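Below, each value reflects all heavy atoms present in this structure, side chains not excepted, and no hydrogens, waters or symmetry copies. Keep in mind that what you see is a predicted model, and the values were worked out from it rather than measured.
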Amino acid sequence: ILVACSDIFLRTQRAQYSAAGLQRLQDDVRYVVNKITQDIHTGSIDYSCYGAVGACGEIVSTGNALLALTNAQGRKMRYKIEGVTINGCLNANSTPCMLVSDDEGATWQSVTQEGVSLNLLKSTFRIYPQKNPFEFDAQNKYLSNEQPRVTIQLEATAKIKSERIPPRLG
């Protein structure tokens, strides 16, 4: 009976650690998406950052690791999915991470918590249209007739604290 009770206790403890880790992951991703969404709603896409001669050297595509915005106060905001710890992620357990800059990329801070990491291959910003809809071409027509929009795709995992659980006895 003692062994069965110990086994039940250890399994319950593992389930609690797992549930807490998943809750932390969900809270962190919700915070990141809400922060980016708020900046998108109150600002606009900084198309000057994109293109062959863009200030950031990025090209608008169907999957960017960089989102360039101009917020309501006119500050250049940058969100970046980064895969290198030394470039701003908190530590190896938090890499890849989401970074934010409010000074055109001069300094970066991690938006994701320690222990939360993003999947680099499945986390992107999709920016539509690819051409600035507020600029004119040579014929004095808008470059695009589409409303600007951003789709955020994130896949994240959390490093869940767990205790070493001995093998089941019996």
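With values rounded to the nearest 0.5 angstrom, F9 atom CZ is found 12.5 Å from R14 atom CZ. Interatomic distance, L67 CG to R126 CZ, rounded to the nearest 0.5 Å: 13.0 Å.
Distance alone, capped at 3.5 Å, places no donor-acceptor pair between the Q109 side chain and the S101 backbone. Looking only at distances, a side-chain donor or acceptor of T95 sits under 3.5 Å from a matching main-chain atom of N91.
Annotation: side chain of D102 is not in contact with side chain of V100 (no heavy-atom distance under 4.5 Å). Between C49 and L66 there is a side-chain heavy-atom pair separated by less than 4.5 Å.
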Check: After noting the C-alpha distance and the side-chain angles of I36 and M98, does the key distance pass the side chain to side chain contact (heavy atoms under 4.5 Å, CB included) rule?
Finding: CA-CA 11 Å; I36 295 170; M98 176 74 68; 4.1 Å; yes

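Side chains of N119 and S123: a donor-acceptor N/O pair is absent below 3.5 angstrom, by distance only. Between T37 and N34, the side chains place no donor N or O within less than 3.5 Å of an acceptor N or O (distance only, hydrogens not considered). Side-chain atoms of D27 and Q23 include a donor-acceptor pair closer than 3.5 Å.
Aromatic ring centroids of Y142 and F136 lie under 6.0 Å apart.
Heavy-atom minimum distance, K131 versus S144: O-CB, 3.9 Å.
Applying the salt bridge (Lys or Arg N to Asp or Glu O under 4.0 Å) test to D28 and every residue at least two apart in sequence or in another chain returns nothing.
In summary, D103 and K76 do not engage in a salt bridge, as defined by a charged side-chain N under 4.0 Å from a carboxylate O.
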